[in-house]
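Just so we're on the same page: letters track the sequence lines, and every chain starts at 1.
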Amino acid sequence: MVAEHERSLEVVDIPINMGPQHPSTHGVFRMVLMVDGEKCVDVIPHIGYMHRGGEKLMEAMDFRQGIGYCDRTEYLAQFSAELAYVMAVERLMDVQVPERAEYIRVILTELNRLSSHFMFMGAFGIDSGVFGTSFTYAFPQREYLQELFEEVSGDRLMYAYFRVGGLAWEVTDNFVQRCHEVLKHTQQGIRDIDELLTKNEIFIGRCQGIGAFTAEQAIANGLSGPMLRASGVPWDLRKDEPYSVYDRFNFEIPVGNYGDVYDRYLVRLEEMRQSVSIVEQALEQLPAEGPIVAEKLPRRLRTPPGEVYAKVESPRGEWGVYLVSKGGDKPYRLKMRSPSFCNLSALREMCLNQFLADAVMILGSMDIVLCCVDR
Amino acid sequence: MIGIMRSMALVMKVALTRKPVTIQYPEVHREIPNRDRAFPILIWDEEHDEPFCTGCHACERACPVECMTVVMKDNPKHAAGESKRRKIIDEFWIDYARCMRCNICVEVCNFEAIGMNNTWAGHELSRYDRKDLVMDVEMLLSQSKDGKVDPGLRA
Amino acid sequence: MLLAAPAIDIDQPFVNAALGLIAFTLVMTVGVMYATWYERKIVARMQYRLGPTRTGPFGLLQPIADTFKLLTKEDLRPATADFVAFELAVFLIFIPALMVFVAVPFTADWFISAIPLSLLYILAVSGLSFIGFLLAGWGSDSKYALLGGMRAAAQLISYEVPLIMAMVGVVMVTGTVDAYQMILYQDTVPLIVWQPLGFMIFLIASIAEVERPPFDIPTGESEVAGGVFIEYSGIRWSMFQLSSYVNMYAFALLGAFVFMGGWEWPFGTDVGWGLQLLLTVVKMSLFIVFYLWVRASFPRLRPDQLMSYAWKVLIPFSLAQIFFNGFIIVYDLPDVAYLISSGLLTVGLGYSAIFIVRRGEPRKPLQMVPARATARKPEPEPAVVAAAEGAAT
């Protein structure tokens, strides 16, 4: 018989329940970390706290009503989500979108990418332990973007601005000038974040070599967006399968070498600079006049029966909308391919044998949106 | 070490040279753009001294969250010859707690009778009871009657 | 403090010290309350914010409002918590934090008790608090608290060593462990000039000892969500916070009189107590502003990096300093030799910070894939896949 004191010396891994209420799980995400001291030996993610049945709800909504729901699914890259949805319907209906509308869509989507990446920079800084400074350096600049979106679309968060065949209404008169103003602030924000974090040795020490994924692993796990590019795969839908008018801009795709947390941060930072350049090019090429909604659209949108998959490069990766229609004004089936969900699936593999503190950084570097994970 | 110094220098630079961006909210209200979408309200027709809304149910049908209830009646003023509208709203409820501010009701309205509130009053709507967020026709019209809303909300 | 000042001349060292402590606790409590205020104000300005503005002019009444809020909060104790450990931990952290001040000279006349071995006493007492952290971590019966407690114990013990080593260097230069004598030694040149390395090590280790960012690992908000404090609320939590601020004051004061010359430098002993107190407060404030500045700038270290930084960098460097100091003393070299040796080591310390956090070979920069190189021509929009009859059902 084993003596009591001998049994009590047994070393066990303790489960640590992180979330659903935890400062750094970015929403109601829960992961159970089995830790051996400070090392994670197992990670069990639990999702679904935010599940609202969005896809099913959208099946009960017609093609205009559904747009508002796209915003609510991906609340940091609303324009990307809207764009994927309206592109899916447009392809099904074979609608030609006017050029001016396409340019405005691209401008807004790229600005939205900037605002989303600002959010990432702020939140990631906080995950790494900066006392809110990264957040407050990113957010005043993000606020200018937000104000621009509000001026154009009328709302700060739930824009509902894209429509099938174009845009809901014309942009403001001083849109181009306002964009240039906002870009100045944005560039300052990028500089600030760059100076605060990129070269900081403590930040480097916290980020480098953490959660490294090779290109093969990244592809096998279905990663996309900055996560995939950080691992060394130069795959960007804006360039490889250009949609909208992305083929008319000259921009570069930053690709990482190591696939670790630091590369993901750098890729996103560089992507912000590229987005600024895309917006500037788009503002130059933007036709001054022209329709913003496709002509001859019926008042009530009806699609022919068929199915379509439309995908866009959202700030988090490939945002896809798979739409099946049996005719009529509502989708028969709608599936959203959310990059947050697919990226999150790599969490366990990345966190294994990393420190508890690193698990937080890895989760932060995924830049997940929980609404988008759970839908 | 140099990176650490640079971070510290930036932080001190911000503290010394840049102004805080805080807006002291309840006292100071940020100017909100003309297109701001708060919650839908009904617009008052000054000319005929009645609402524009004829109660045609278009918005009610188009609403994705079904937050509206419209009841139509015969317009007494039409019978008296003061107005061209044959029908007019009798009752109109919008549940602001359900509304998702998608602007679709404004787009489908044929009479420009409904608009999105673009004042701060449309945002500062906290109530102690969610029942108080169900607005009836008087409440929906009151802002427009007082002339506080720019009705040309959409270009 | 006034009660305890030698002017009153109560010929009872124990009573004297006790009265002094009570008076001092009250003064310190108010002082700490306002430390939170100016911490919030200063950090806010570093972050484009205003800090508290609602309570009174410039939010000056904010600490009082906070205190009332904390004191009237429900005092919760987890049902499974170890009662003794849980309750005791608060005091084991709070009391040593205050006890440090017994031996600290504020001006030439103002101190609670003149202990000949005051530096030794201060270091010994300030090293006690880790027991409280361990107890709090264990007694809370929460895994976050346990992790936090373990981290706190490891960190406090590890950083105690370089801190004391840095002090040993100072003691070798001045030849005394009495804080009073140490201050008198600095009447012309403060010790920061002779011992820059000791000062740097003290600065880094003291941040770790008071558990402020970037060394706030035991309470790391984004990882262990408050660490040891996670189960505490109301008055107990506020006592933890109080003691962490008191600790910050204590180390700021220690730094002020060990390295900056306390009330002595640069005006000498013969200025009135008012100016001396002002000097002490100003020097202390410099330290505190530095702590806040650091807090706003840096990410948090990882526990293993924290440990390796203490054991692989700070301790070897502080040992080297002790060695050089001994060399200088034995061969009776002029004081400038302290400056040269210590200054060179400080430069080395700055470089070593890079090596400890940056592992391996230098990284390649990001590859930039130009758009035109791999971009395909836009494919025609995929045509609608007309569903076969009933295929979608």
note = Applied to residues 202-218 of chain C, the salt bridge (charged side-chain N to carboxylate O under 4.0 Å, His left out) test, sequence neighbours excluded, yields C:Glu39-C:Arg212, C:Asp216-C:Arg300
Check each atom of [X] against the heavy atoms of chain C and say whether the ones under 4.5 Å are side chain, backbone, both or neither.
| X | answer |
| --- | --- |
| A:Val267 | both |
| A:Met18 | both |
| A:Ile14 | side chain |
| A:Phe355 | side chain |
| A:Pro254 | both |
| A:Glu90 | neither |

So which heavy atom on [X] is nearest to which on [Y], and how close?
| X | Y | result |
| --- | --- | --- |
| C:Tyr144 | A:His22 | OH-CD2, 3.4 Å |
| A:Asn200 | C:Pro299 | ND2-CD, 3.8 Å |
| C:Ser297 | A:Leu196 | O-CD1, 4.0 Å |
| C:Gln47 | A:Gly132 | NE2-C, 3.5 Å |
| C:Lys143 | A:Pro15 | CD-O, 2.9 Å |
| C:Ala225 | A:Pro23 | CB-CD, 3.9 Å |

ask   = Within residues 146-156 of chain C, which positions have a heavy-atom distance to chain A below 4.5 Å?
value = C:Leu147, C:Arg151
request  = Check for a donor-acceptor pair, side chain of C:Tyr48 on one end and backbone N or O of A:Thr133 on the other, with a separation under 3.5 Å.
outcome  = no
request  = Verify, without hydrogens or angle tests, whether C:Gln305 (side chain) and A:Gly205 (backbone) share a donor-acceptor contact under 3.5 angstrom.
outcome  = yes
request  = Evaluate side-chain contact (heavy atoms from CB on, under 4.5 Å) for A:Glu38 paired with C:Asp304, printing each intermediate quantity in order.
outcome  = CA-CA 9 Å; A:Glu38 289 265 351; C:Asp304 65 315; over 6 Å; no
task = Any chance you could measure C:Tyr309, atom OH, to A:Ile202, atom CD1, to the nearest 0.5 Å?
result = 8.5 Å
key: Atom pair SG (A:Cys207) and CZ (C:Arg302), whose distance is rounded to the nearest 0.5 Å   = 9.5 Å
inquiry  = Using the salt bridge (charged side-chain N to carboxylate O under 4.0 Å, His left out) criterion, which residues pair with A:Arg264? Sequence neighbours excluded.
reply    = none
query = In chain order, what residues pass the salt bridge (charged side-chain N to carboxylate O under 4.0 Å, His left out) check against A:Asp263, with sequence neighbours excluded?
reply = C:Arg363
Options [options], ranked by heavy-atom pairs under 4.5 Å with chain C, top entry:
| options | value |
| --- | --- |
| A:Val35, A:Val130, A:Asn17 | A:Val130 |
| A:Leu356, A:Ile16, A:Thr136 | A:Thr136 |
| A:Val255, A:Leu197, A:Val360, A:Leu266 | A:Val255 |

query = Is the count of non-hydrogen atoms from other residues, nucleotides or ligands lying under 6.0 Å from C:Trp37 atom CH2 greater than 12?
reply = yes
message = I'd like to verify something: which residue of C:Ala296, C:Pro303, C:Pro214 has the highest number of heavy-atom pairs under 4.5 Å with chain A?
response = C:Ala296
ask   = C:Ser142 versus chain A, heavy atoms under 4.5 Å apart: side chain, backbone, both or neither?
value = neither
